[in-house]
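Quick note: numbers below take in every heavy atom, side chains included, and nothing from hydrogens, waters or symmetry partners. Residue indices begin at 1 and follow the sequence shown. Small disclaimer: the values here were computed from a predicted structure and weren't measured.
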Amino acid sequence: MIRRLIWVLAGVTACGQALASGESHWGYDEPERWGELKPEYTMCSAGKNQSPVDISGLIKGELPAVGMNYSSGGHEVINNGHTIQVNYKPGSKASVDGREFELKQFHFHAPSENTVDGKSFPLEAHFVHANENGELAVLSVLYEEGEHNEQLAKVWEHMPAEAGGSKVLPTAVHAGDMVSASAGYYRFNGSLTTPPCSEGVRWLVMKDYRTASKEQINQFMETMGGPTNRPVQGVNARIILH
Ligand SMILES: [Zn+2]
């Protein structure tokens, strides 16, 4: 009951912030209704290639290596009411499908949005990249509960408690210390997992799972006031390669 109340209050804060910035409010209490909130959100209910998904029924593919040319550019942490996001300085690139995508920001969801063979993880990070044409590629890292994570700690220490808060990180975070494709990855096409749920997003979920401590997971969950995961969506005609 108390947990529910905290979550509702956090929702009010998030919505207040969203309204102040001119955005329609949405939340994780009724994700199945996002498509009805605004005409621009129609894909949230009408889309057939939506994210997240349960990663199963895999097909073996000849997946190319992902080139990562990252520098230490995570310089600012914000609480936007929906997630904790680290904004990245220009110049860090990943090559996906032979094209260059620049790392813009990374942010978190708890519990995980994507699941693997029905298994949910306590935390997931999304490294959001865009190319010159505005196409998106998201590199996802799944976290299991375990050892304290030093890289997360650099962000968590400065996590703004209130929606709308931001802080400059005294020590820039290096994405290269947080995400690696060396163990391979799951590859599928999907969408943004938040409104407007736009499709055409390249998804790469890393097989190299990381750990976060119970305290770190709880700190994120408590700051956000509840779960921040959209439920898994139908795979439909898509194939998931590995
Ligand atoms: Zn995300």
Side-chain angles (χ1 to χ4, degrees), residues 3 6-7 10 28 51-56 58 63 65-66 68 70 72-74 77-79 82-88 92 94 103 105-129 137-161 167 169-188 190 193-194 203-232 240-242:
R3 185 183 173 78
I6 291 167
W7 192 79
Y28 286 103
S51 287
V53 295
D54 179 45
I55 297 166
S56 58
L58 303 172
L63 292 173
V66 179
M68 291 181 194
Y70 294 147
S72 190
V77 57
I78 64 168
N79 177 340
H82 299 299
T83 190
I84 296 296
Q85 177 173 312
V86 173
N87 291 326
Y88 226 80
S92 285
L103 178 58
Q105 49 100 341
F106 62 87
H107 63 264
F108 299 87
H109 299 267
S112 70
E113 297 209 292
N114 293 294
T115 57
V116 180
D117 284 328
K119 182 192 171 189
S120 170
F121 292 73
L123 185 70
E124 178 170 355
H126 291 159
F127 294 80
V128 180
H129 301 67
V138 179
L139 272 55
S140 165
V141 174
L142 297 165
Y143 296 84
E144 296 179 304
E145 186 183 310
E147 279 184 35
H148 175 84
N149 187 305
E150 291 296 332
Q151 303 307 319
L152 288 183
K154 290 180 188 173
V155 177
W156 263 218
E157 250 179 76
H158 304 283
M159 184 187 287
K167 278 186 191 164
L169 292 171
T171 310
V173 180
H174 200 308
D177 295 333
M178 299 181 71
V179 53
S180 164
S182 58
Y185 58 91
Y186 305 108
R187 175 72 168 88
F188 48 94
T193 66
T194 56
W203 277 90
L204 293 84
V205 176
M206 301 302 143
K207 292 183 180 179
D208 178 17
Y209 303 153
R210 301 294 171 102
T211 63
S213 68
K214 193 178 182 63
E215 291 72 24
Q216 289 179 311
I217 294 161
N218 288 345
Q219 186 187 342
F220 177 79
M221 188 73 95
E222 282 164 19
T223 300
M224 301 321 296
T228 50
N229 66 309
R230 186 188 195 195
V232 292
I240 303 175
L241 298 172
H242 77 133

Just wondering, do [Y] and [X] contact through their side chains at under 4.5 Å, heavy atoms?
X: F127; Y: M178; value: yes
X: V141; Y: F106; value: no
X: M68; Y: L139; value: yes
X: N114; Y: E124; value: yes
X: W203; Y: I55; value: no
X: R210; Y: Q151; value: no
X: T193; Y: V138; value: no
X: I217; Y: Y143; value: no

- Any residue meeting side-chain hydrogen bond (donor to acceptor under 3.5 Å, both in side chains) with H109, in chain and number order, not counting sequence neighbours: H107, E113, H126
- With sequence neighbours excluded, residues passing side-chain hydrogen bond (donor to acceptor under 3.5 Å, both in side chains) with Y185: none
[atom1] of [X] to [atom2] of [Y]: how many Å apart, nearest 0.5 Å?
X: F220; Y: F108; atom1: CZ; atom2: CZ; result: 7.5 Å
X: M221; Y: Q219; atom1: CE; atom2: CD; result: 13.0 Å
X: D54; Y: D117; atom1: CG; atom2: CG; result: 6.5 Å
X: L142; Y: M206; atom1: CG; atom2: CE; result: 10.0 Å
X: T194; Y: Y28; atom1: OG1; atom2: OH; result: 6.0 Å
X: L204; Y: L241; atom1: CG; atom2: CG; result: 10.0 Å

Donor-acceptor check, side chain of [X] to backbone of [Y], threshold 3.5 angstrom: yes or no?
X: Y88; Y: G73; result: yes
X: Q85; Y: Q105; result: no
X: S112; Y: T115; result: no
X: W156; Y: Q216; result: yes
X: D208; Y: A183; result: no
X: E147; Y: T211; result: no
X: N79; Y: I84; result: no

Please give me the minimum heavy-atom distance between [X] and [Y], naming the atom from each residue.
X: Y70; Y: G176; result: CD1-N, 3.6 Å
X: S51; Y: R230; result: O-NH1, 2.8 Å
X: L103; Y: A175; result: CD2-CB, 3.6 Å
X: A110; Y: L123; result: CB-CD1, 4.0 Å
X: V77; Y: L169; result: CG1-CD2, 3.9 Å

Salt bridge (charged side-chain N to carboxylate O under 4.0 Å, His left out) partners for [X], two or more places apart:
X: R187; value: D97
X: D177; value: none
X: E144; value: K119

- Task: Just jot down the ring pair (Phe, Tyr, Trp, His ring centres under 6.0 Å) partners of Y186, sequence neighbours excluded, or say none.
- Result: none
- What do you reckon, is NZ of K167 surrounded by more than 12 foreign heavy atoms closer than 6.0 Å? yes
